[in-house]
Participant: 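What follows is a single structure, and I will ask about it in a moment.
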Amino acid sequence: MATARIEAVKIIDWDSFHLVCAESLGFPGFYGGNMNAFIDCLSYLRDDVGMTRFALAKDECLDMEINGTESFNQRLPLVMDTLLECISFINQRYLEAGESPAIKLVLL
């Protein structure tokens, strides 16, 4: 099972959110550091094209563990809400392509 661990305590603003995610998820060096780029990178989890450090099998799911969720949500509710919306959007993309959702958020 593929697991990405995101330490929310390291996230203090949008820039640090993108830095932490890029490191944890293995985004490429040309990652744009915005939510459109975040969505794009995670939309290729099963394509093995180097957009993340993960190359999932057909029905495999990435467990994305967010450590420190409660504090993260209290400190940066807009970032947390946007993250949830984007993961939902990404999974919807997979469903529309006839695949199973590719990301499971594990809120710790």
Side-chain angles (χ1 to χ4, degrees):
M1 174 182 347
T3 302
R5 290 176 182 84
I6 297 174
E7 299 298 331
V9 68
K10 296 179 180 178
I11 301 171
I12 58 170
D13 56 16
W14 280 109
D15 288 338
S16 60
F17 169 81
H18 289 290
L19 289 172
V20 168
C21 288
E23 180 180 304
S24 299
L25 296 162
F27 291 161
F30 59 83
Y31 173 62
N34 59 64
M35 293 314 286
N36 287 332
F38 179 88
I39 290 168
D40 288 345
C41 287
L42 291 176
S43 293
Y44 292 95
L45 287 167
R46 295 187 179 130
D47 295 323
D48 195 16
V49 293
M51 296 298 279
T52 72
R53 66 180 173 91
F54 300 96
L56 303 181
K58 183 177 184 253
D59 288 320
E60 188 178 5
C61 191
L62 172 66
D63 284 357
M64 187 183 296
E65 293 180 358
I66 311 294
N67 295 312
T69 302
E70 186 174 334
S71 170
F72 179 40
N73 191 41
Q74 289 174 351
R75 292 181 295 107
L76 299 164
L78 178 60
V79 176
M80 183 66 179
D81 288 347
T82 303
L83 171 64
L84 296 174
E85 288 174 17
C86 287
I87 298 301
S88 178
F89 179 79
I90 293 163
N91 280 332
Q92 185 63 37
R93 267 189 173 175
Y94 282 101
L95 289 170
E96 289 171 359
E99 298 182 41
S100 61
I103 304 169
K104 178 177 80 174
L105 277 178
V106 181
L107 306 177
L108 302 171

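Residue numbers count from 1 along this sequence.
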Participant: CD of E60: more than 12 outside heavy atoms within 6.0 angstrom?
Facilitator: yes
Participant: Measuring from L95:CG to S100:OG, what's the distance to the nearest 0.5 Å?
Facilitator: 8.0 Å
Participant: Could you grab the distance from atom CG of L107 to atom CD of E70, nearest 0.5 Å is fine?
Facilitator: 11.5 Å
Participant: Does T82 use its side chain to pair, donor to acceptor, with the backbone of L78 at less than 3.5 Å?
Facilitator: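 Yes, the answer is positive, given that a donor and an acceptor are paired below the 3.5 Å cut-off.
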Participant: Quick check: is I11 connected to V106 through a chain of hydrophobic side chains (ILVMFWY, heavy atoms under 4.5 Å apart)?
Facilitator: no
Participant: Give the minimum heavy-atom separation between Y94 and L42, together with the two atoms involved.
Facilitator: OH-O, 2.9 Å
Participant: So, T69 side chain and I66 main chain: donor-acceptor pair closer than 3.5 Å or not?
Facilitator: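 Pair found, side chain donor or acceptor close to backbone of I66.
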Participant: Just verifying a value: how many Å separate L19 CG and W14 CH2, rounded to the nearest 0.5 Å?
Facilitator: 13.5 Å
Participant: State yes or no: do V20 and I12 share one hydrophobic cluster built from I, L, V, M, F, W and Y residues joined by side-chain heavy-atom distances below 4.5 Å, directly or via other members?
Facilitator: no
Participant: In sequence, state the C-alpha distance, the side-chain angles, and the governing distance for T52 and Y44, and then conclude on side chain to side chain contact (heavy atoms under 4.5 Å, CB included).
Facilitator: CA-CA 8 Å; T52 72; Y44 292 95; over 6 Å; no
Participant: Identify the heavy atoms of D63 and K104 that sit nearest to each other, and give their distance.
Facilitator: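 Heavy atoms only, the tightest pair is OD1-CE, 3.0 Å.
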Participant: Can you tell me how far the CD1 atom of I87 sits from the CG atom of L105, to the nearest 0.5 Å?
Facilitator: 5.0 Å
Participant: Once you round to the nearest 0.5 Å, how far does OG of S43 lie from CZ of F89?
Facilitator: 7.0 Å
Participant: Would L108 and M64 show up in the same hydrophobic cluster when neighbours are defined by side-chain heavy atoms closer than 4.5 Å?
Facilitator: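 In one cluster: no.
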Participant: Could you tell me which non-hydrogen atom of G33 sits nearest to which non-hydrogen atom of A37, and how far apart they are?
Facilitator: N-CB, 4.2 Å
Participant: Nearest 0.5 angstrom please: L25 CG to M51 CE, how far?
Facilitator: 12.0 Å
Participant: Angle between ring planes, F38 versus F27, binned at 30° and 60°: parallel, tilted or perpendicular?
Facilitator: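 Rings of F38 and F27: perpendicular, over 60°.
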Participant: When clusters are formed by joining ILVMFWY residues with side-chain heavy atoms under 4.5 Å apart, either directly or through shared neighbours, do L45 and V49 land in the same one?
Facilitator: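 The answer is no; the residues belong to distinct hydrophobic clusters.
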Participant: Checking F17 against L76 for the side chain to side chain contact (heavy atoms under 4.5 Å, CB included) test, could you report, in this order, the C-alpha distance in whole Å, the side-chain angles of both residues, the deciding distance, and whether it holds?
Facilitator: CA-CA 10 Å; F17 169 81; L76 299 164; over 6 Å; no
Participant: Closest approach of C41 and Y31, non-hydrogen atoms and distance?
Facilitator: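 Nearest pair, atom of C41 first, then Y31: SG-CD1, 3.8 Å.
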Participant: Can you tell me which residue pairs pass the salt bridge (charged side-chain N to carboxylate O under 4.0 Å, His left out) test with a partner in residues 43-52, sequence neighbours excluded?
Facilitator: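 Pairs touching residues 43-52 that pass the test: R46-E99.
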Participant: Could you give the side-chain donor-acceptor pairs of residues 1-10 under 3.5 Å, partners two or more places apart or in another chain?
Facilitator:
unit_1, atom_1, unit_2, atom_2, d
R5, NE, E65, OE1, 3.2
E7, OE2, N67, ND2, 2.9

Participant: Quick one, P101 and C61 - any side-chain contact, counting heavy atoms below 4.5 Å?
Facilitator: no
Participant: So which atom in N73 and which in D81 form the shortest heavy-atom distance, rounded to 0.1 Å?
Facilitator: OD1-OD1, 4.4 Å
